[in-house]
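Since the structure comes first, as structure tokens, the remarks are kept for the end.
In what follows, every heavy atom counts, from backbone to side chain, and hydrogens, waters and symmetry copies are set aside.
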Amino acid sequence: MATTAATPAHTDHATTITRTTTRRLAGFVYSTNHKDIGTMYLVFAIIAGLIGAVMSIMIRIELMYPGVQIFPRDPYLQRVS
């Protein structure tokens, strides 16, 4: 005799996917597994390196020629100092 699972007639798949994704992400971020920690460390290092490289390039372009090309004077001085 075949039986059906006791599930509601209508389920919101977007909510289910969001909850599942949130749980997996939280489980990954709060993990104590050394492989997950190493992966997070590597991802953070790559992102920080890219942000630093972009900022370095922007400052070098700004200082290549006299005058203000990229940054207005006051926000530029606030970011750099």
Side-chain angles (χ1 to χ4, degrees):
M1 181 168 155
T3 60
T4 59
T7 57
H10 176 72
T11 58
D12 189 4
H13 295 291
T15 304
T16 305
I17 291 172
T18 303
R19 287 181 186 163
T20 304
T21 304
T22 303
R23 286 183 186 151
R24 285 184 182 171
L25 182 61
F28 182 75
V29 170
Y30 294 116
S31 174
T32 57
N33 182 5
H34 69 283
K35 291 179 183 178
D36 292 342
I37 293 171
T39 302
M40 287 187 288
Y41 187 80
L42 182 65
V43 168
F44 176 76
I46 290 171
I47 290 171
L50 290 174
I51 290 171
V54 167
M55 291 175 68
S56 173
I57 290 169
M58 290 174 69
I59 290 171
R60 288 173 187 261
I61 290 171
E62 178 71 28
L63 296 175
M64 189 182 308
Y65 301 107
V68 178
Q69 290 88 30
I70 296 177
F71 303 111
R73 182 172 174 79
D74 292 333
Y76 174 75
L77 293 175
Q78 290 172 0
R79 286 186 195 111
V80 172
S81 60

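For S31, the side-chain hydrogen bond (donor to acceptor under 3.5 Å, both in side chains) partners are D36, not counting sequence neighbours. In this structure R60 satisfies the side-chain hydrogen bond (donor to acceptor under 3.5 Å, both in side chains) test together with S56, sequence neighbours excluded.
V54 and I57 fall within the same hydrophobic cluster, defined by Ile, Leu, Val, Met, Phe, Trp and Tyr side-chain heavy atoms under 4.5 Å apart, directly or through other members. Residues Y41 and V29 fall into different hydrophobic clusters, defined by Ile, Leu, Val, Met, Phe, Trp and Tyr side chains chained together at heavy-atom separations under 4.5 Å.
Here CG of L63 is found 12.0 Å from CE of M58. Values are rounded to the nearest 0.5 Å. Interatomic distance, NZ of K35 versus OG1 of T39, reported as 9.5 Å (0.5 Å rounding). Atom CG of residue L42 and atom CD1 of residue I37 lie 14.0 Å apart, to the nearest 0.5 angstrom.
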